[in-house]
Protein chains: 2
Amino acid sequence: MSDQRATIAEAVVAAAGAFTAEELHRSLAVSAPGIGLATVYRALGAMQEAGSVTQVGQRDGSTLLARCGRDGHHHHLVCTSCGRVIAIDCPLGGSLAGREVGDGHVITRHEITLYGLCADCRAHEED
Amino acid sequence: MSDQRATIAEAVVAAAGAFTAEELHRSLAVSAPGIGLATVYRALGAMQEAGSVTQVGQRDGSTLLARCGRDGHHHHLVCTSCGRVIAIDCPLGGSLAGREVGDGHVITRHEITLYGLCADCRAHEED
DNA sequence: GTGTATGTGAGAAGCGTTCTCACTTACGCC
DNA sequence: GGCGTAAGTGAGAACGCTTCTCACATACAC
Ligand SMILES: [Mn+2]
Ligand SMILES: [Mn+2]
Ligand SMILES: [Zn+2]
Ligand SMILES: [Zn+2]
């Protein structure tokens, strides 16, 4: 593994929650300048394939990523204020796989993402 | 309402299921040539605001849209073969709204999309 | 009529992402 | 050591979807 990829992997671990490729690149510009944006994209792509980084939504036009090493079927809960990401069990209990719903439609896959405010952000709001 | 928007609205109704803006524009090129792609985007945007068209996912880089006039909280079930879209009740029963999950995270919103094969596509597969 | 608001088509622009290319680095093999 | 190959890198160009700009058209209000 190259020095750049190691640095990028550290930045991913240091990230509080969800981030975009450009945000990660900006954070690297401070601590480890000189790493190209294309390299960040390549490293994040490799981590997605390896399973340590997952796509958790979109913000504006950009893909939101987050570190998530959990394996097995699960989903994510994203704080819309601070970006914190929490892995959660599938609220459907995996019960839909191969099941028929509606008018004979057989479900092969599903996407679920929950959004809200984490405990910390709620405490800091006091509105 | 302009002639163009009426034509685009008809094409949306005629569409079998999910479609991209470009696909709709291509279908118009046959029956009603001369309508600009920007006009299609503008009309689809207006229909989204009006609530008659909804975003049901992404395919490659493009936004997938579908006609859906149903109101109230619901989600969608998309056939990955023919694009047919079926509205479904929220499988969470709306139970999550305002509820705490995980470590005190309060859910304000969620996204659910189911994918699979509709009855027709399953019948035509016989593999 | 005159003004104002809204819509239109063509192409330019924007923007996130991927690709190209020349270059470097790491490693296996002899 | 020399040498070949594979993988990674940075800069910028290219790409593709979407939005914007601009000149023009149409519709309604007064
Ligand atoms: Mn995860
Ligand atoms: Mn719907
Ligand atoms: Zn938070
Ligand atoms: Zn189908």
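Chain A is the first sequence line, chain B the second, and so forth, proteins listed ahead of strands; every chain is numbered from 1. All values below come from the heavy atoms of this structure, side chains included, with hydrogens, waters and symmetry mates left out.
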In whole angstrom, give the distance that lies between atom [atom1] of [X] and atom [atom2] of [N].
| X | N | atom1 | atom2 | value |
| --- | --- | --- | --- | --- |
| B:Y41 | C:dG11 | OH | P | 17 Å |
| B:L28 | C:dG9 | CG | P | 10 Å |
| A:L37 | C:dG16 | CG | C1' | 9 Å |
| A:Q48 | C:dT17 | CD | P | 10 Å |
| A:F19 | C:dT17 | CZ | P | 12 Å |
| A:R59 | C:dT17 | CZ | C1' | 16 Å |
| A:Q55 | C:dG16 | CD | C1' | 13 Å |
| A:D3 | C:dT24 | CG | P | 16 Å |

Could you label the plane-to-plane angle of the B:H110 and B:H73 rings as parallel, tilted or perpendicular, counting under 30° as parallel and over 60° as perpendicular?
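Rings of B:H110 and B:H73: perpendicular, as their planes differ by over 60°.
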
Chain B on DNA chain D: first and last contacting nucleotide, 5' to 3', under 4.0 Å to a heavy atom?
D:dC17 to D:dT21

Please tabulate, for side-chain N and O atoms in residues 5-16 of chain B, each donor-acceptor pair with protein atoms closer than 3.5 Å (sequence neighbours left out).
| residue | atom | partner | partner atom | Å |
| --- | --- | --- | --- | --- |
| B:T7 | OG1 | B:D3 | O | 2.9 |

With a cut-off of less than 4.0 Å, is there a side-chain N or O of B:R5 near OP1 or OP2 of C:dT8?
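Indeed, a polar side-chain atom of B:R5 lies that close.
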
Spatial distance of atom CD (A:Q4) from atom OG1 (A:T39) [nearest 0.5 Å]
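Here the interatomic distance stands at 6.0 Å.
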
If only atom types and distance count, is the side chain of [X] paired as donor or acceptor with the main-chain N or O of [Y] below 3.5 Å?
| X | Y | result |
| --- | --- | --- |
| B:H25 | B:Y41 | no |
| A:R122 | B:G104 | yes |
| B:T80 | B:G116 | yes |

Given DNA chain D, 5'-ward residue of the pair B:T20 and A:A38, judged by closest heavy atom:
A:A38

Shortest non-hydrogen contact from A:A18 to A:L64?
CB-CD2, 4.1 Å

Starting from the 5' end of DNA chain C, give me the residue, A:R42 or A:E22, whose nearest nucleotide shows up first.
A:E22

With heavy atoms under 4.0 Å as the rule, sort A:T63 into base, sugar-phosphate or nothing.
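The residue A:T63 makes sugar-phosphate contact but no base contact.
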
